[in-house]
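Order of appearance sets the numbers: ligands from 1, and atoms from 1 within every ligand.
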Amino acid sequence: MKRFSLAIDSAQEVVPIDWLLAADLSELMALASDKRDRLFKKNISYSKKAFIPLTKLCRDVCHYCTFAQAPRSVQSAYLTAEEVLEIAKKAEVAGCTEALFTLGDKPELRYDVAREALKSLGHPSTISYLRAMCELVLQETSLLPHVNAGVMSRDDLASLREVSASQGLMLETTSTRLQARGAVHFGSPDKDPTLRLQNLQWAGELSIPFTTGILIGIGETRAERLDALFKIEELSRQYGHIQEVIVQNFRAKPKTKSHAMVEPDLEDLLWTVSAARLILGDGVNLQAPPNLSPHDYQRLVAAGLNDWGGVSPVTIDHVNPEAPWPVITQLRERTEGAGKTLVGRLPVYPQYALAAQTWLAPDLAVKVRRLMDSEGYCREDQWVTGRKALPPNIRGASKHIASQLTMQLIERARRGQRLAEEDIVHLFSARAADFEAICAQANELRREVSGETVRYVVNRNINYTNICSFRCTFCAFSKGKTHEALRGVPYDLDLSEIVRRAQEAWSRGATEVCLQGGIHPSYTGETYLNICRAIRSAVPDIHIHAFSPLEIFQGAATLKIEVKDFLAELKLAGLGSLPGTAAEILDDAIRKVICPDKLNTEQWLSVVRAAHEVGLRTTSTIMFGHVEQPIHWARHLLALRDLQAETRGITEFVPLPFVHMEAPMYLRGFARKGPTFRETILMHAVSRLVLNPLITNIQTSWVKLGPAGAKLCLESGANDMGGTLMNESISRAAGTEHGQEFEPAAIEQLILSCNRVPQQRNCLYEPITETRRLQSLEAKPLLPMHFTPPKKHRSLAT
Ligand code: SF4
């Protein structure tokens, strides 16, 4: 036999049919498994769903089917709206995200009872009623409909696209022989392969993420199976819409015409799964239902599948009611036992979710974005940045060992090597055992680099104005002068109030004031200089940590001087260091979406570089979990690492998980709900590794994560608690619930509860005197603050 060498990278490569038919099964499986690993790494996905059998009446009479019922066997022709909603709500409570509508094909064309039922429901067709039920589920629950409604017209497909995340139609076979008298599709007009292929094509033309598949063992030959797979692949290449192919094995069921047919054996199923993997393009997910092969998960995984399909904790599989779905915890354990990781997905697969604007109707796109994580998979839990609910305890959840690649990358990072973008993306994709290994190793590295001491600084945030002429789409803090009713009260603090707050902070033991504000249209570089001079003269020993690179850039521009010269003037006026904010994501494609008029990546880096050159140190930050993906996190971390290699001026890295609640881009529907908790922990752990040994302080933000979340970060690579803040208002404007101040005694208590040693520091990571520390522990409550309204704005330059 001629050995076929598969250049599987190329979607254009046509796998020879003769070779597939004659190939050795173990060789085929090894090739298929390698291809799956290359495309999907360790992930095997599944969708947590509810099965909603809207009608079991069907005009077709497929000989193997137990789903379709005669009118005398059903209580009513269609589920009522109340019944649909009852299933969907139960599923929502159980954490499902998919409402799978599977139903018989156009029963109204065969049965009076169906026509009458539709009439009384006020719908001309089953598809019309289905659309209404999808709308109901979308309105009343968080579930996303996936519809399997049989053969449809192009208009029906288009209509259902408006109310579903994805659709499906099993091709089953391309063999027309199976429609002949005595064969399984005799008497089933909708099983005509030409019609079904036509539906697949229309779905492609309409950009519908589409699921299809083949049913094996129903009388087709292996060559006919391959023909069906090649035809699916041809359409997939043309339109890119085939998200998933199911290889379903025929089961001989009692009381069907096919009860005596021989079921395909495991080897036949494995051969077909492997052949499908080799034929189908890189973007196509491959599924074999786990409930139809309950004893053979390991071998199915070895044959190259990457998905277990829908699994329901609340309903049975109405197509195979005799075959119970696995319990999800067992499915997870058995998947991990096969060396893989079980990952929840939405009914629409990740690559389509990530490009929702192309593949989904606008309302569905918004809903999908709100349910997905940074890779387009289903969010793992209910946790969101800023809310008081306790985070899930996700450390230590896996008993399995991490992949070789992950361990190699960790090792290289621990040796201080610069990882490549794709290496960092791999680390960010870690789940289960890989996630645990990254967090544990980051914690170990933290121990080596910074020991058991956890530092914090007593400081006060002073946001001198919330008036801003910029349009950052994530920002809930800034107010236009005319949008008071819409977005809260604008203010522009008098210089005397800024100074009063700095004096009060010093009296409460603070060693730092952190000043940032909106880009007020009347401010000039002189304004920023005067703020520094006034504070320096009133409170000579307090460290002024102020002005983001954006404010510096703007200030220099208004004075028409070089950034570096402006920074030197600020330093003379008393500025001590800069916050590395306004970085958001250092990737211009993302900046165009989230902060289109802000300085670009290169400008941000050049301001920070200039600050370091004049002897001003800076922090560094990332704001993550909105519209970006792990590749952008990787670029961001590498940009910071490279800058630090050049200047050594960065004191710390602060991951800032996106707070979605009040953010305009979330409210307008184009952002995610912030990072998941796994992603948040990973950002601390991966940055510890990737920035090693150049940035040694990784800070966790209690404002965003709360004490419990911050504690888990301290156990996953972070070594710093940041500031006590006294008046946090930017995150609060975005909707966080963790308060405005974390008092020194409470921070120290939290650090001690991690068996670590608290130490108060100043902004530059130097220890402070015990006298200052005691002063901070005995601080009096803050006096009420005065917010100068904008109409009273006077130039601070006077
Ligand atoms: S993030 Fe800063 S620059 Fe952007 S709108 Fe908000 S206050 Fe203005």
Side-chain angles (χ1 to χ4, degrees), residues 385-386 461-484 486-493 498 514-525 527-528 531 545-558 563 578-588 590-601 603-604 607-608 618-628 636 654-668 670-671 674 701 703-704 725 727-736 787-788 790 793:
T385 312
N461 274 9
I462 303 177
N463 303 121
Y464 36 80
T465 182
N466 61 357
I467 296 167
C468 185
S469 54
F470 278 55
R471 297 169 295 132
C472 304
T473 57
F474 58 84
C475 180
F477 169 74
S478 74
K479 321 287 172 208
K481 280 184 178 172
T482 55
H483 291 82
E484 183 165 340
L486 194 63
R487 299 185 59 192
V489 182
Y491 62 81
D492 178 17
L493 299 190
I498 296 174
C514 174
L515 295 109
Q516 295 179 89
I519 305 300
H520 193 298
S522 309
Y523 279 21
T524 68
T527 317
Y528 300 121
I531 290 174
H545 180 65
F547 313 131
S548 73
L550 173 64
E551 289 163 297
I552 299 294
F553 193 78
Q554 287 295 112
T558 57
V563 161
L578 267 65
T581 46
E584 328 306 358
I585 295 287
L586 294 173
D587 182 288
D588 287 337
I590 300 300
R591 297 181 81 76
K592 276 200 183 97
V593 179
I594 66 170
C595 48
D597 42 12
K598 230 173 202 171
L599 69 186
N600 65 27
T601 300
Q603 289 166 331
W604 188 93
V607 174
V608 175
T618 71
T619 64
S620 61
T621 62
I622 184 171
M623 187 193 67
F624 63 106
H626 35 88
V627 303
E628 84 300 4
H636 185 104
V654 194
L656 300 172
F658 171 58
V659 183
H660 75 279
M661 286 77 98
E662 300 296 331
M665 68 178 168
Y666 177 80
L667 299 175
R668 281 185 227 137
F670 65 90
S701 166
V703 175
K704 317 270 191 203
L725 303 186
N727 295 127
E728 201 299 313
S729 55
I730 295 178
S731 296
R732 201 160 45 97
T736 61
F787 291 91
T788 322
H793 173 75

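Using a 4.5 Å heavy-atom cutoff, the side chains of R591 and L599 are in contact. No side-chain heavy atom of E628 sits less than 4.5 Å from a side-chain heavy atom of I594. Residues L578 and H545 have side chains not in contact (no heavy-atom distance under 4.5 Å, counting atoms from C-beta outward). Looking at heavy atoms from C-beta onward, Y491 lies out of side-chain contact with I467 at the 4.5 angstrom threshold. Side-chain atoms of E584 and L656, non-hydrogen and from C-beta on, never get closer than 4.5 Å to each other.
Proximity of L550 to ligand 1, defined as any heavy-atom pair under 4.0 Å, is confined to the side chain (atoms from C-beta onward).
Nearest protein heavy-atom contact of atom 2 (Fe) of ligand 1 is K598 NZ, 4.3 Å.
Ordered by chain and number, C475 SG make up the set of protein N, O or S atoms under 2.8 Å of atom 6 (Fe) of ligand 1.
Scanning all heavy atoms of the two residues, the minimum distance from A663 to F474 falls at CB-O, 3.4 Å.
Distance CG/N466 to CD/Q516: 13.5 Å, rounded to 0.5 Å.
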